[in-house]
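Structure first, then comments.
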Amino acid sequence: MNIVIFGPPGSGKGTQARLLAESFGLIQLSTGDLLREAVAAKTDAGNLASEIMNAGGLVPDETVNAILADRITQKETAMGFIFDGYPRTVQQAKSLDNLLKTKRTSINLVLQLEIGDDVLVNRITGRFTCEACGEGYHDTFKKPKTTGTCDKCGGSHFKRRPDDNELAIQQRLEAYHAATAPIAAFYESSGLVRGVTAENDIELVFKDLKKHVLECAHSASFD
Ligand code: AMP
């Protein structure tokens, strides 16, 4: 089964994608993570993306499509993917359809996280992750049980994203409404979209998402 999860910045895509991947044995592919890796490795794509990302803009479609295509191997295709933060434009959605077609597979479900812009800025500015295992935390909503120690792996180093500042967040929201929200209409024509409110707690959102995944799994058989 192949799933796309999308929603505005701060809606919890990454967290939910990770939970769904663990629950259903899917490979999580986050273009945000792939781009951050490329930036850290100072590849050509990373050097091109770095400034755009810090300013909250969208990296050009060709660059992101190429980075993603590189990561889709035949072995992983058999397990199924959850695409997190990709596609972010209708052009990317078309490119993904074509790519999956060459692997004789397709998107089976599109999960849309719905949340008001007003809630998002607070959510994003307080978030940080464990450097060792990537577990996500928040200054207000999800503090580590012991201050300074990761609940999951015991790590003691945390990091914040350079684009989690108010100016970049406004740009990211604009990019979302202008370029990404229209992918709902693109997938709607195939009846693949299921909306879930993302304003609830992580566990409740996860429960709602899981219900849609199970329904999808029961309504079709996947290779
Ligand atoms: P994310 O981790 O998904 O919030 O992505 C962080 C940043 O990476 C975004 O604000 C964009 O600058 C860039 N990015 C990630 N995915 C894409 C994509 N599919 N298309 C264009 N830019 C992307």
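Remember, it's 1-based here, ligands and their atoms both numbered in the order they're listed. Being a predicted model, the structure only gives us computed values, none of them experimental.
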Only one of K145, K159, R127, R18 clears salt bridge (charged side-chain N to carboxylate O under 4.0 Å, His left out) with E135; which? R18
Any side-chain donor paired with an acceptor under 3.5 Å for T125 and N165? no
May I ask you to check whether D117 and Y176 show a side-chain donor-acceptor distance below 3.5 Å? no
Heavy-atom neighbours of E166 CD exceed 12 at 6.0 Å: no
Is the number of heavy atoms from other residues, nucleotides or ligands within 6.0 Å of NZ (K152) greater than 12? yes
Taking the basic N atoms (NZ, or NE/NH1/NH2) and the acidic carboxylate oxygens, is any pair closer than 4.0 Å for K210 and E215? no
Give the residues near ligand 1 by chain and number, with the criterion being a heavy-atom distance under 4.0 Å. T31, G32, L35, R36, M53, G57, L58, V59, V64, G85, Y86, R88, Q92, R161, D163, R172
